[in-house]
Amino acid sequence: MEELFKPTLQPFLDTTTPYGEARIAITGAPLDLTGSYRRGTRFAPEAIRQASQYMDTYSPRTGLDVDDLSFADLGNLKLSEDVEASLSVIEEAVRSIHDSGKSPLLLGGEHTATLGALRALKPDLVVDFDAHLDLRDRLMGLELSHATFMRRAMEEFDFRLVVLGSRALSREELDFVEENPDRISLVNSAELREGVEPSLKAARGWLEDASSVYLSIDMDVLDPAVAPAVGNPSPEGIDVTQLLDALSLLVDERLLGFDLTEVSPHYDSGLTATQASYIVLETMYLMEGSRRS
């Protein structure tokens, strides 16, 4: 598996556990090929790692600190200029990590990278925090892109999808949702802002039925005032507290892995990468907390 990676000189939190001892394996997936507005997601994994160097690590939310975690940062995947070829690399890496008994954590990269992970893991349920649905059939002539990958995934294999924080929608996508009521559930950003726990009732019902779950976080789920440096910012998003409150209700031992995508770090002075680093760390703490309980 080592041939798939370019080792990083600056691992997340400036620390890494030997791979054989780690419970979580972090890898960058710097895919940046199909953006429809802002590009630059290929710089996100290193920007997120850099921002992590300056964070305090104790978590009041979970009572855990970095010494409670066991993760290896494997560096960035060696991706090409071809989307399908890059997805194959992501799929192979995620499958190898999973097969070795570890939880894969992808630092995107554009959101299309998630398709590679889904192909490897084939979860029962996908929980996707995203302003967009990514269920278009085509965008700008592309059948496979950051705006279509979730539809391609739903065509390839069977899983239920819960999208949380949506607000930037197309009629085409809503028609597709209405045609698949038993497979897709939406909780929009206004509902989450009104109250995280009551708005997640449908999602939690599906979660109880799932034997395996994959989590994907597109940073544009957050309001642009909180995270401006994303590929396709959309007003009226949620804040970091609401996101983490939702994650605390959703993360448990059935989580196969997760990704965080769509940071385009050159569009601000580091705020979005800092938020992303914090969300990654807190999500790892939630994973560790669920393992211990």
Side-chain angles (χ1 to χ4, degrees), residues 12 17 19 22-27 29 48 59 61-64 66 68-74 90-91 93-109 111 113-130 150 153 157-165 183-185 187 192 196-197 200-219 221 240 242-261 276-293:
F12 191 80
T17 301
Y19 182 72
R23 290 189 290 273
I24 297 172
I26 299 173
T27 181
I48 293 169
S59 168
R61 180 181 289 273
T62 64
L64 299 176
V66 66
D68 297 304
L69 295 176
S70 176
F71 65 87
D73 191 335
L74 305 179
I90 295 169
E91 179 182 357
V94 169
R95 182 178 291 111
S96 295
I97 291 168
H98 174 72
D99 289 349
S100 66
K102 307 175 196 313
S103 298
L105 192 172
L106 287 181
L107 301 178
H111 209 171
T114 299
L115 180 54
L118 296 182
R119 286 172 172 171
L121 300 175
K122 294 183 170 57
D124 291 336
L125 178 68
V126 176
V127 178
D128 182 22
F129 286 86
D130 201 333
M150 195 65 79
F157 56 96
D158 187 41
F159 62 89
R160 281 178 160 178
L161 170 66
V162 177
V163 183
L164 303 172
R183 296 187 66 195
I184 307 171
S185 177
V187 179
L192 284 176
V196 169
E197 188 162 3
L200 290 183
K201 285 183 178 179
R204 294 184 74 185
W206 280 11
L207 188 68
E208 290 171 2
D209 295 336
S211 62
S212 58
V213 180
Y214 186 80
L215 169 66
S216 184
I217 302 170
D218 184 322
M219 284 293 287
V221 73
V240 173
Q242 290 158 344
L243 171 60
L244 292 174
D245 284 349
L247 289 174
S248 69
L249 297 172
L250 296 169
V251 171
D252 63 24
E253 70 281 357
R254 290 168 293 177
L255 187 67
L256 298 176
F258 81 99
D259 62 58
L260 184 143
T261 66
S277 294
Y278 185 79
I279 292 165
V280 167
L281 181 58
E282 287 293 322
T283 305
M284 287 199 291
Y285 284 144
L286 290 172
M287 295 169 67
E288 177 62 20
S290 70
R291 188 189 71 85
R292 295 185 178 197
S293 64

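This structure is a prediction, so every number in the text was calculated from the model and none was measured. Heavy-atom basis, side chains included; hydrogens, waters and symmetry copies ignored.
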Point to revise | Side-chain donor-acceptor pair present, Asp128, Tyr214, cut-off under 3.5 Å | key: no
Point to revise | Minimum side-chain heavy-atom gap Leu255-Leu215 below 4.5 Å | key: yes
Study note, to complete from the structure: What one should report as the nearest heavy-atom pair of Pro104 and Val94 is CG-CG1, 3.9 Å
Point to revise | Thr283 and Leu260, any side-chain heavy atoms less than 4.5 Å apart | key: no
Check your understanding: Would you call Lys122 and Asp158 a salt bridge, taking side-chain N to carboxylate O under 4.0 Å as the test?
Key -> no
Review point. Do you see a donor-acceptor pair shorter than 3.5 Å between the side chains of Ser211 and Asp124?
Key: yes
Check your understanding: Passes side-chain hydrogen bond (donor to acceptor under 3.5 Å, both in side chains), Ser59 versus Glu282? Steps please.
Key -> CA-CA 7 Å; Ser59 168; Glu282 287 293 322; 2.9 Å; yes
Practice item. Could you tell me the separation between the NE2 atom of His98 and the OG atom of Ser96, rounded to the nearest 0.5 Å? Key: 11.0 Å
**Study point:** Verdict with supporting geometry, Arg23 and Met287, side chain to side chain contact (heavy atoms under 4.5 Å, CB included)
**Key:** CA-CA 10 Å; Arg23 290 189 290 273; Met287 295 169 67; over 6 Å; no
Practice item. Give, for atom CD1 of Ile90 and atom CG of Leu106, the distance between the pair rounded to the nearest 0.5 Å. Key: 6.5 Å
Review point. Side chains of Ile26 and Leu74: does their closest heavy-atom pair fall under 4.5 Å?
Key: no
Review point. Hey, what do you get for OG (Ser248) to CG (Leu286), rounding to the nearest 0.5 Å?
Key: 6.5 Å
Exercise for review: Would you mind reporting whether Phe129 and Met219 have side-chain heavy atoms less than 4.5 Å apart?
Suggested key: no
Review point. Val162 and side chain to side chain contact (heavy atoms under 4.5 Å, CB included): which partner among Leu207, Leu125, Leu250, Ile184?
Key: Leu125
Exercise for review: Check Asp130 against Val163 and note the closest heavy-atom contact, atom names and distance.
Suggested key: O-CG1, 3.9 Å
Point to revise | Met150 and Leu115, any side-chain heavy atoms less than 4.5 Å apart | key: no
Study note, to complete from the structure: Between Pro123 and Phe157, the two heavy atoms sitting closest are CD-CE1, 4.3 Å
Point to revise | Inter-residue atom distance Glu253.CD - Ser293.OG, 0.5 Å rounding | key: 7.0 Å
Practice item. Please test Arg291 against Asp68 for salt bridge (Lys or Arg N to Asp or Glu O under 4.0 Å), starting from the C-alpha separation and ending with a verdict. Key: CA-CA 11 Å; Arg291 188 189 71 85; Asp68 297 304; over 6 Å; no
Exercise for review: Give the minimum heavy-atom separation between Ala22 and Ser70, together with the two atoms involved.
Suggested key: CA-OG, 3.2 Å
Exercise for review: Mind checking the CZ-CG spacing from Arg95 to Leu121? Nearest 0.5 Å is all I need.
Suggested key: 8.5 Å
Practice item. List the steps and the verdict of side chain to side chain contact (heavy atoms under 4.5 Å, CB included) for Leu243 and Ile279. Key: CA-CA 9 Å; Leu243 171 60; Ile279 292 165; 3.5 Å; yes
**Study point:** Check against side chain to side chain contact (heavy atoms under 4.5 Å, CB included), Leu164 and Leu200
**Key:** CA-CA 9 Å; Leu164 303 172; Leu200 290 183; 3.6 Å; yes
Check your understanding: Taking all atoms of both residues into account, what is the closest heavy-atom pair of Phe71 and Val66, and its distance?
Key -> CE2-CG2, 4.4 Å
Practice item. Would you mind reporting whether Leu281 and Leu69 have side-chain heavy atoms less than 4.5 Å apart? Key: yes
Point to revise | Any side-chain heavy-atom pair of Tyr278 and Val280 under 4.5 Å | key: no
Check your understanding: Taking it one step at a time, do Arg61 and Leu244 satisfy side chain to side chain contact (heavy atoms under 4.5 Å, CB included)?
Key -> CA-CA 9 Å; Arg61 180 181 289 273; Leu244 292 174; 3.5 Å; yes
Review point. Can you name the closest pair of heavy atoms from Leu161 and Trp206 and give their distance?
Key: O-CZ3, 3.5 Å
Exercise for review: Would you confirm whether Ser277, through its side chain, and Ile48, through its main-chain N or O, come within 3.5 Å as a donor-acceptor pair?
Suggested key: yes
Check your understanding: Under the 6.0 Å and 45° cation-pi test, does Lys102 pair with Tyr19?
Key -> yes
Check your understanding: Do Leu105 and Ile97 come close enough that some side-chain heavy atom pair is under 4.5 Å?
Key -> no
Exercise for review: Assess whether side-chain hydrogen bond (donor to acceptor under 3.5 Å, both in side chains) is satisfied between Asp259 and Ser216, documenting all intermediate values.
Suggested key: CA-CA 5 Å; Asp259 62 58; Ser216 184; 2.6 Å; yes
Review point. Atom NE2 in His111, atom CD1 in Ile217: separation rounded to 0.5 Å?
Key: 9.5 Å
**Study point:** Chi angles and distances behind the salt bridge (Lys or Arg N to Asp or Glu O under 4.0 Å) call for Glu208, Arg204
**Key:** CA-CA 6 Å; Glu208 290 171 2; Arg204 294 184 74 185; 5.7 Å; no
